[in-house]
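One structure is given here, and the rest of the page talks about it.
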Amino acid sequence: MAISELDVQLAAFNQKRAAATAQYPDPYKSPLDVARRSIEAAQGTLATGGPRMARTEERWLVIPGRRILVRLHYPTESAGLPALIFLHGGGWVWNSIDTHDRVAREYAVRANVVVIAPDYSLAPEYPFPTALNECVAVVRALRDAAGSLHLDGDRIAIGGDSAGANIALAAALALRDAGDPPLRGALLNYPPLDPTLQSASYQTFSAQLRRMAWYWGQYLQRPVDRQHPYAAPLLAALAGLPPLRIQVGDLDALVDENIELARLAGQAGVDTELAVYPGMTHAFLRAVGEVDRASEAVQAASDWLIRVLA
């Protein structure tokens, strides 16, 4: 596919983010605890602004073997709203429900859904499949507690950004395979899908290759896991999945594998929407409110959520 030029607004946004990040130690050359604190501090402004909620609360959900913190954003006080479980990105290694709070609130208001953000466990301390198992358990716990949480347990979608989107798709696969009630949809924003890193877009955007290889190495610590369909969903049988919406920028090294996922899902009979945004790099949705095309993508995904959760 033809490659477009970097969007002017996104270029300015990326410059501003680079200046903010430059004030902190290089996370790839720092101890993990230092790197995580630096990233949280550098990205603090990305979580600010945007829509206000009628109510935001945090709860501990009891899941097998532990408890997990979830943040719930209620756009209104109406009972029985549908829900979106939204998983933050960060290469399975860092970021949090705080760094992605703005995006979560945008979806809540634009789609009129309760957005639930789980604080899932991070690699390398907790490699695959820990976060996946936690998120599957969160779906089940939310269904069980739907009444007390004032949401509709029959209308739940799952989604995420980057590594969070990988986990979201894997959770949809695992729930399907376990015979759980189907989710209403999976919103996949530029998920990493292929740990072999063989897609042609990695040759075009080779600067992203080394970092992506590092992230995969933190998450998949056993060679056998690289062939697991829940880790590498391009290897999965996709039939029977809920509707998918896949969003990716054409300047993202992950663009080809996202396009391939859409092709395979459509071939398997899955209701699939693919949107490739020109001039957008990886993680461009974090620029919502500052970059027009990012805001357009958030709105398009919200419109899709309204349809699949109706």
Side-chain angles (χ1 to χ4, degrees), residues 7 9-10 12-14 16-17 20 40 42-58 70-78 81-90 95-120 142 151 155-165 167-168 183-191 243-249 252 273 275-277 279-310:
D7 179 86
Q9 289 181 323
L10 185 60
F13 175 84
N14 288 346
K16 185 172 68 173
R17 296 310 315 150
E40 290 284 324
Q43 297 191 18
T45 58
L46 295 180
T48 61
R52 293 187 176 185
M53 298 294 97
R55 173 164 49 100
T56 294
E57 61 182 64
E58 293 183 354
V70 296
R71 179 176 294 162
L72 300 98
H73 288 302
Y74 292 85
T76 73
E77 291 292 356
S78 300
L81 288 179
L84 169 67
I85 299 168
F86 183 73
L87 309 175
H88 70 81
N95 287 344
S96 69
I97 60 177
D98 293 326
T99 59
H100 285 63
D101 193 73
R102 168 74 184 266
V103 178
R105 287 183 285 110
E106 292 283 352
Y107 286 134
V109 164
R110 292 172 186 248
N112 195 33
V113 297
V114 181
V115 175
I116 300 109
D119 189 26
Y120 63 84
L142 288 172
L151 55 87
R155 293 191 292 157
I156 296 178
I158 196 166
D161 283 10
S162 194
I167 299 170
L183 295 163
R184 287 295 191 94
L187 173 59
L188 309 175
N189 297 318
Y190 33 81
L244 305 180
R245 179 172 171 87
I246 304 164
Q247 304 192 138
V248 65
D252 189 334
E273 288 188 7
V276 180
Y277 287 90
M280 296 292 107
T281 56
H282 191 69
F284 74 95
L285 294 177
R286 307 290 302 285
V288 61
E290 295 191 48
V291 172
D292 291 343
R293 203 157 281 160
S295 299
E296 291 167 8
V298 170
Q299 185 60 54
S302 299
D303 294 341
W304 176 84
L305 285 167
I306 290 170
R307 292 196 300 272
V308 298
L309 292 169

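None of the values given here were measured: they were computed from a predicted structure.
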Q) Do Asp101 and His73 have side-chain atoms, one donor and one acceptor, less than 3.5 Å apart? A) yes
Q) CD of Glu290 to CZ of Arg102: how many Å apart, nearest 0.5 Å? A) 7.5 Å
Q: Taking all heavy atoms of Leu10 and all of Ala287, pick out the closest pair and write down the distance.
A: CD1-CB, 4.3 Å
Q: Might you point out which heavy atoms bring Ala294 and Val288 nearest each other, and give the distance in Å?
A: CB-N, 3.8 Å
Q. Just one of Leu285, Ile246, Val103 clears the side-chain contact (heavy atoms from CB on, under 4.5 Å) bar with Asn189, so which one?
A. Leu285
Q.
The test is side-chain contact (heavy atoms from CB on, under 4.5 Å); show your working for Lys16 and Thr45 and say whether it passes.
A. CA-CA 11 Å; Lys16 185 172 68 173; Thr45 58; over 6 Å; no
Q: Check whether any side-chain heavy atom of Pro243 sits under 4.5 Å from a side-chain heavy atom of Trp304, and report yes or no.
A: yes
(Q) To check you understand the geometry: which heavy-atom pair defines the closest contact between Ala275 and Arg245, and what is its length? (A) CB-NH2, 3.4 Å
Q: Flag this pair as yes if the NZ/CZ of Arg55 is under 6.0 angstrom from the six-membered ring centre of Tyr74 and inside a 45 degree cone about the axis; otherwise no.
A: yes
Q. With side chains defined as the heavy atoms from C-beta onward, is the minimum distance between Thr76 and Leu81 less than 4.5 Å?
A. yes
Q) Glu58 versus Ile97: any side-chain heavy-atom pair under 4.5 Å? A) yes
Q.
Looking only at the side chains, is there a donor atom on one of Arg17 and Gln43 sitting less than 3.5 Å from an acceptor on the other?
A. no
Q | Check: Arg105 side chain, His100 main-chain N or O, donor-acceptor pair, under 3.5 Å | A | no
Q: Please tell me if the side chains of Val291 and Phe284 come closer than 4.5 Å, counting only heavy atoms from C-beta onward.
A: no
Q: Evaluate the side-chain proximity of Asp161 to Tyr190: yes if any heavy-atom separation is below 4.5 Å, no if none is.
A: yes
Q | Polar contact flag, side-chain donor to acceptor under 3.5 angstrom, Ser162-His282 | A | yes
Q) Should Pro191 and Leu188 count as side-chain neighbours, where that means a heavy-atom distance under 4.5 Å? A) yes
(Q) As a quick check of understanding, evaluate side-chain contact (heavy atoms from CB on, under 4.5 Å) for Ile116 and Leu84, giving each step before the final call. (A) CA-CA 6 Å; Ile116 300 109; Leu84 169 67; over 6 Å; no
(Q) Between Leu187 and Leu305, is there a side-chain heavy-atom distance shorter than 4.5 Å? (A) yes
Q: Can you sort out the partners of Asp98 under salt bridge (Lys or Arg N to Asp or Glu O under 4.0 Å), two or more places apart, ordered by chain and number?
A: Arg71
Q: State, to 0.1 Å, how close Asp292 and Gln9 come at their nearest heavy-atom pair, and which atoms those are.
A: N-OE1, 2.8 Å
**Q.** Tyr107 side chain to Gln299 backbone, donor-acceptor under 3.5 Å
**A.** no
Q: Give a yes or no on whether the backbone of Ser302 and the side-chain of Arg110 come within a donor-acceptor separation of less than 3.5 Å.
A: no
Q: Answer yes or no: is there a side-chain heavy-atom contact under 4.5 Å between Thr281 and Asn14?
A: yes
Q: Check the pair Ile85 / Ile156 against side-chain contact (heavy atoms from CB on, under 4.5 Å), numbers first and verdict last.
A: CA-CA 7 Å; Ile85 299 168; Ile156 296 178; 3.8 Å; yes
**Q.** Atom of Ala300, atom of Tyr277 and distance for their closest heavy-atom approach
**A.** CB-OH, 3.8 Å
Q: Examine the side chains of Thr99 and Glu40 and answer whether a donor and an acceptor come within less than 3.5 Å of each other.
A: no
Q: Please answer whether the main-chain N or O of Val70 pairs with a side-chain N or O of Asp119 as donor and acceptor at a distance below 3.5 Å.
A: no
**Q.** Closest heavy-atom pair and its distance - Ala108, Met53
**A.** CB-SD, 3.8 Å
